[in-house]
Structures are given as structure tokens and as C-alpha cells.
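See structure below.
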Amino acid sequence: QVQLVESGGGLVQAGGSLRLSCAASEGFFTNYDMGWFRRAPGKEREFVAAIRWNGDSIYYADFVKGRFTISRDNAKNTVYLQMNSLKPEDTAVYYCNKMAGWGGTRAQYNNWGQGTQVTVSS
């Protein structure tokens, strides 16, 4: 199983922005539909966004409401999540993972990485 490393989280005020990155070994992101997920305090892990293996299709969880944008650069073996207009309820640990199936909201791998902490203050 490849290792996925998330980065880019931090502490921001409400309304601020962060850009998260998910990096893996060469070739991985060329072949897999990827997604971002998050786990907030007291809540179950939830789906955030997904991007097709070739980057030509994208879908999001309803709560994104146009605020987040998922993208990828397969040449750099990296998937991104641009988060704008952040809200305190976005506070969570954010993870990337392969999508179990295109169009769904489940991750393929049970072994989650460390994730990256996003904290949004009011």
C-alpha cells in the first residue's frame, strides 16, 4: 500500500483560506480516483471531495457550498484541496485516500494516514 502524506493545514480565522496537499509516490495519482475526507471532533469521518483519476470530473459534499476546490497535478503526484471562506465547523483533521468507487463517498484504504489539522477560529 502506498503512503499518502497530507500537509497544508493550520490555524486560520473564519473566512480565511488554506490549501491542502496530498502527496504520494510517482504514478499513484495517475491511476486512482482520489478524495478528501475529514474527521471533526465528536463526528464521524465524512467525505469532502473527489476527483477522477485523470482530473476530468469532480464532485463535492453538499456542505462545501462552492467554497472548496479539489484539483490534482499527476505530474507532481499531488492532489490539492483549496479551501476558501472557512467556517469554524470546517475544523477537522483532513485526510486523502483513494475513492472506493467513482460517484460514491467511501474511501478504499482502511489504513488512514496522519492527516493534516485544520482549525478555524470564529
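Only a predicted model underlies this, so the values are computations on that prediction, with no experimental measurement involved.
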Closest contact, heavy atoms only, Met34 versus Cys22: CE-SG, 4.4 Å
Side-chain touch Arg72/Arg52, heavy atoms, less than 4.5 angstrom: no
Residue pair Tyr32, Trp102: steps toward the ring-ring contact (aromatic ring centres under 6.0 Å, His included) verdict: CA-CA 10 Å; Tyr32 292 121; Trp102 185 246; over 10 Å; no
Tyr95 vs Tyr109, ring-ring contact (aromatic ring centres under 6.0 Å, His included): CA-CA, chis, key distance, verdict: CA-CA 11 Å; Tyr95 306 87; Tyr109 301 127; over 10 Å; no
Atom pair OG (Ser21) and OH (Tyr94), whose distance is rounded to the nearest 0.5 Å: 14.5 Å
Value rounded to 0.5 Å, distance of CG in Asn111 from CG in Asn97: 9.0 Å
Asn31/Trp53 under side chain to side chain contact (heavy atoms under 4.5 Å, CB included): CA gap, chis, key distance, verdict: CA-CA 6 Å; Asn31 298 302; Trp53 66 272; 5.8 Å; no
Ala40 backbone acceptor or donor facing Arg45 side chain under 3.5 Å: no
ring-ring contact (aromatic ring centres under 6.0 Å, His included) between Phe68 and Trp36, worked out: CA-CA 11 Å; Phe68 294 1; Trp36 284 97; 9.9 Å; no
Leu81 side chain reached by Thr69 side chain, heavy atoms, under 4.5 Å: no
Stepwise salt bridge (Lys or Arg N to Asp or Glu O under 4.0 Å) check, Glu46 with Arg39: CA-CA 6 Å; Glu46 62 185 350; Arg39 185 181 65 199; over 6 Å; no
Spacing of Arg38 atom CZ and Glu44 atom CD [to the nearest 0.5 Å]: 14.0 Å
Sidechain-backbone polar pair: Thr116 side chain, Gly9 backbone, donor-acceptor under 3.5 Å: yes
Distance in Å, Ser122 OG paired with Gln13 CD, rounded so as to fall on 0.5 Å steps: 9.0 Å
Euclidean distance, Leu86 CG relative to Ser121 OG, rounded to 0.5 Å: 10.5 Å
Test side chain to side chain contact (heavy atoms under 4.5 Å, CB included) applied to Gln82 and Leu18, step by step: CA-CA 6 Å; Gln82 178 67 46; Leu18 287 171; over 6 Å; no
Heavy-atom closest contact (Gly115 atom, Val93 atom, distance): CA-CG1, 3.8 Å
Pair Ser17, Asn84: side-chain N/O donor-acceptor within cut-off below 3.5 Å: yes
Main-chain N/O of Lys76 paired with Thr78 side-chain donor or acceptor, under 3.5 Å: yes
Val79 and Ile70, any side-chain heavy atoms less than 4.5 Å apart: yes
Heavy-atom side-chain proximity of Met83 to Leu20 below 4.5 angstrom: yes
Any Glu6 side-chain heavy atom under 4.5 Å of Trp112 side chain: no
Step-by-step side chain to side chain contact (heavy atoms under 4.5 Å, CB included) determination, Tyr60 to Val48: CA-CA 6 Å; Tyr60 301 93; Val48 175; 5.8 Å; no
Student check: side-chain heavy atoms of Lys98 and Asp33 closer than 4.5 Å: no
Criterion side chain to side chain contact (heavy atoms under 4.5 Å, CB included) on Gln117 and Leu11, from CA distance to verdict: CA-CA 8 Å; Gln117 175 72 52; Leu11 174 63; over 6 Å; no
Verify same cluster id: Val64, Ile51 (apolar side-chain graph, 4.5 Å): yes
Plane angle bin for Tyr59 and Phe47 - parallel if under 30°, tilted between 30 and 60°, otherwise perpendicular: tilted
Under 3.5 Å: donor-acceptor pair, side chain of Arg67, backbone of Ser85: yes
